[in-house]
Amino acid sequence: MYTPQQIDLQIAIFSGGLFALIAVVVKRITNGPTAILTLFMSFFFIQYFLSIVIAFGAGYWVSFVMIPEKITYSLYFALYCGSAIVGGYFAATIQEKNSNTIRSPIAQFRDRMGVTRSRKGEGSPQKHLRNAIALSSATLLLLFLEALWTEGDLSAVFESNLPRGHGQFEVRSEIDKILEVLFALTSLIGLLGALFVGRALATLSSSSMLAYAPLSIFLLLICAAPLMHSFSRASGAAFIFGAISLAVYRRRGILSFIVLSLFALTGVYLSIIGITQRSVANMGVTSFLLSAIKPDWSTLEGFIFSTESAGPLAPSANLLDALGPLSASIHFSGVYDAGPIAGLIWLLGILQPLPSLFLEFELRPGARLSKALGTFGSTGITTPALAELHYLMGYWAAFPLLAYGAFLRKVDRISRFGGRLPLIILMLTLAGIVIGGHSGIRAFARPTIIALIIYIFAGKLYKLGRLRLDLRLRTISEQLHS
């Protein structure tokens with residue numbers, strides 16, 4: 001059991017206040033949205049500082065993966081890294097204001113993606129709903145294919161006979177590895193569909209929003225199905241992503257605020273169900289929904305509410321806590337002894353987008369917490385990306401994090417557009433922010449690097465396609481006039 005010290009609480013509160021202050025300053029001096037900055041700071045505070053605030057109120061913190069002696073150091077390192085990311089965002093903002101010869105990032109992105117304000121149907125809710133229906137259908141199809149491959153029965157989607165985490169410690173064949181990469185996309189496709197649901201609702205009037213509410217909830221449930229099937233702690237992510245999309249693109253109004261609040265609360269509740277009911281229910285979408293309707297209250301109450309003190313909440317109520325695993329990783333791993341340059345080279349190898357199947361070097365730096373804590377073979381323990389970055393580069397990690405902060409600024413500048421490509425980039429970036437607090441650099445890098453690649457190369461592909469079309473039309477015109 002860990003009893004938080006006054007200095008730990010001060011660091012946590014100072015970090016939250018510092019992030020909020022920087023957000024206000026950046027928002028005041030910049031034109032355009034700062035949604036990604038706000039979301040990053042919110043998730044980062046929840047992941048690395050909220051548990052200390054809750055523990056201070058409860059008077060204790062019990063966590064199997066937490067090393068009390070490393071908590072204060074972990075808080076300082078998290079504060080240092082978070083400030084570096086926000087600093088990179090701030091530097092990119094200053095560069096935009098001081099640039100007189102380069103067109104604005106929004107204009108560059110509009111040219112890059114072929115987006116124009118006057119494009120017919122760009123803001124059509126029917127168009128966004130068609131995208132959401134197509135993506136939710138693809139999500140459901142991939143989920144059925146995964147059930148057919150793993151259990152040979154389509155009904156396993158609804159009620160599975162396999163325990164959660166089945167096969168994670170087994171040696172897999174090459175075909176299994178390829179299919180794992182394919183099935184890993186299922187959840188991301190579902191989250192993208194959820195963003196389009198929120199985008200469609202944001203363009204509707206109040207009366208139309210109410211009319212489309214049942215369809216929207218149904219689509220969000222389908223988008224959430226892959227994560228609900230495995231009782232993931234992110235089971236409610238589809239509803240939360242729908243709420244985020246609605247918040248970014250909505251018109252001002254009390255009904256929009258009520259809808260996005262209900263979506264967000266539903267997402268939080270489903271995530272709590274995922275982590276608390278996994279030990280008392282079988283995998284499957286039907287099992288999950290039944291657990292959500294009628295949960296095991298003894299498990300639920302012990303997880304959320306403090307039972308050993310007068311504090312209102314237990315520290316375990318923080319589903320996104322990454323401070324405990326960070327302290328354990330720092331304790332067992334230390335820092336890579338080959339130096340920051342070697343660590344940077346290793347980092348670049350991890351970040352590259354080729355599938356892990358084709359790579360022959362270690363993609364998970366540092367100690368395996370499941371082996372260090374004696375759970376290997378029964379329970380896997382994930383390591384947050386910040387912990388792996390600490391092992392690779394120590395305090396030199398600020399340099400790649402500055403670049404990441406600048407990238408977040410680019411995403412914020414394009415988030416005002418609601419077309420397919422901007423929403424895909426927004427979804428992938430959000431997924432990276434959330435995943436980075438629970439899984440390692442490799443898991444964080446997949447959606448983030450894909451978003452960066454789309455931003456850089458999509459415009460070139462678009463312009464090449466337009467050039468080919470123009471040449472074809474010119475050839476046809478010359479043949480008609482000859």
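By convention here, the first residue in the shown sequence is residue 1.
When every heavy atom of Leu201 is checked against every heavy atom of Ser216, the shortest pair comes out as CD2-OG, 3.4 Å. Scanning both residues, Ser74 and Leu323, for their nearest heavy atoms gives CB-CD1, 3.6 Å. The heavy-atom pair separating Gly394 from Phe77 by the smallest distance is O-CE1, 3.6 Å. The heavy-atom pair separating Arg233 from Ser271 by the smallest distance is O-CB, 3.1 Å. Contact between Ile435 and Pro447 at its shortest, heavy atoms only, is CD1-CG, 4.3 Å.
In this structure, Asp412 and Tyr89 have side chains that are in contact, with non-hydrogen atoms separated by less than 4.5 Å. The closest side-chain heavy-atom distance from Phe288 to Leu270 is below 4.5 Å. Taking 4.5 Å as the limit, some side-chain heavy atom of Leu430 sits within range of a side-chain heavy atom of Leu426. In this structure the side chain of Leu37 never reaches within 4.5 angstrom of the side chain of Leu408, judged on heavy atoms. Annotation: side chain of Tyr48 is in contact with side chain of Pro384 (closest heavy-atom distance under 4.5 Å). At a threshold of 4.5 Å between non-hydrogen side-chain atoms, the residues Val411 and Phe40 do not count as touching. Between Leu389 and Leu401, some side-chain heavy-atom pair lies under the 4.5 Å cut-off. Taking the side chain as every heavy atom from C-beta outward, Leu188 and Ile450 never approach each other to under 4.5 Å.
Atom CZ of Phe257 is surrounded by 12 or fewer heavy atoms from other residues, nucleotides or ligands within 6.0 Å.
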message: Quick one, Ile424 with Leu192, criterion side chain to side chain contact (heavy atoms under 4.5 Å, CB included). Give me CA distance, side-chain angles, the key distance, then yes/no.
response: CA-CA 7 Å; Ile424 290 173; Leu192 179 57; 3.6 Å; yes
task: Take Leu221 and Val285, measure what side chain to side chain contact (heavy atoms under 4.5 Å, CB included) needs, and give me the verdict at the end.
output: CA-CA 10 Å; Leu221 285 172; Val285 176; over 6 Å; no
message: Applying side chain to side chain contact (heavy atoms under 4.5 Å, CB included) to Leu129 and Leu219, what does each step give before you reach the verdict?
response: CA-CA 9 Å; Leu129 279 175; Leu219 291 176; 4.3 Å; yes
task: Check the pair Ile217 / Thr266 against side chain to side chain contact (heavy atoms under 4.5 Å, CB included), numbers first and verdict last.
output: CA-CA 10 Å; Ile217 294 173; Thr266 301; over 6 Å; no
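Under the 3.5 Å distance criterion, the side-chain polar atoms of Glu388 are matched with a main-chain donor or acceptor of Ile441. Using modelled atom types, one side-chain atom of Ser327 and one backbone atom of Gly324 make a donor-acceptor pair closer than 3.5 Å. Side-chain atoms of Thr203 come within 3.5 Å of backbone N or O of Ala200 as a donor-acceptor pair. Between the side chain of Tyr80 and the main chain of Ala397, no donor-acceptor pair closer than 3.5 Å is present.
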Please tabulate, for the side chains in residues 235-248, all donor-acceptor contacts under 3.5 angstrom to protein atoms that are two or more places apart in sequence or on a different chain.
residue, atom, partner, partner atom, Å
Ser235, OG, Leu227, O, 3.3
Ser235, OG, Ser232, N, 3.2
Ser235, OG, Ser232, O, 2.5
Ser245, OG, Leu195, O, 2.7
Ser245, OG, Arg199, N, 3.1

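Take His390 and apply the side-chain hydrogen bond (donor to acceptor under 3.5 Å, both in side chains) test, not counting sequence neighbours, and it matches Tyr73. In this structure Ser287 satisfies the side-chain hydrogen bond (donor to acceptor under 3.5 Å, both in side chains) test together with Glu159, sequence neighbours excluded.
Separation of atoms CD1 (Ile85) and CG (Leu386) is listed at 7.0 Å; rounding is to 0.5 Å. Interatomic distance, Leu452 CG to Tyr404 OH, rounded to the nearest 0.5 Å: 11.0 Å. We find the CG-CG distance between Leu140 and Leu145 to be 10.0 Å, quoted to the nearest 0.5 Å.
Paired with Met228 under the rule side-chain contact (heavy atoms from CB on, under 4.5 Å), one option of Leu143, Ile273, Leu289 passes, and it is Leu289.
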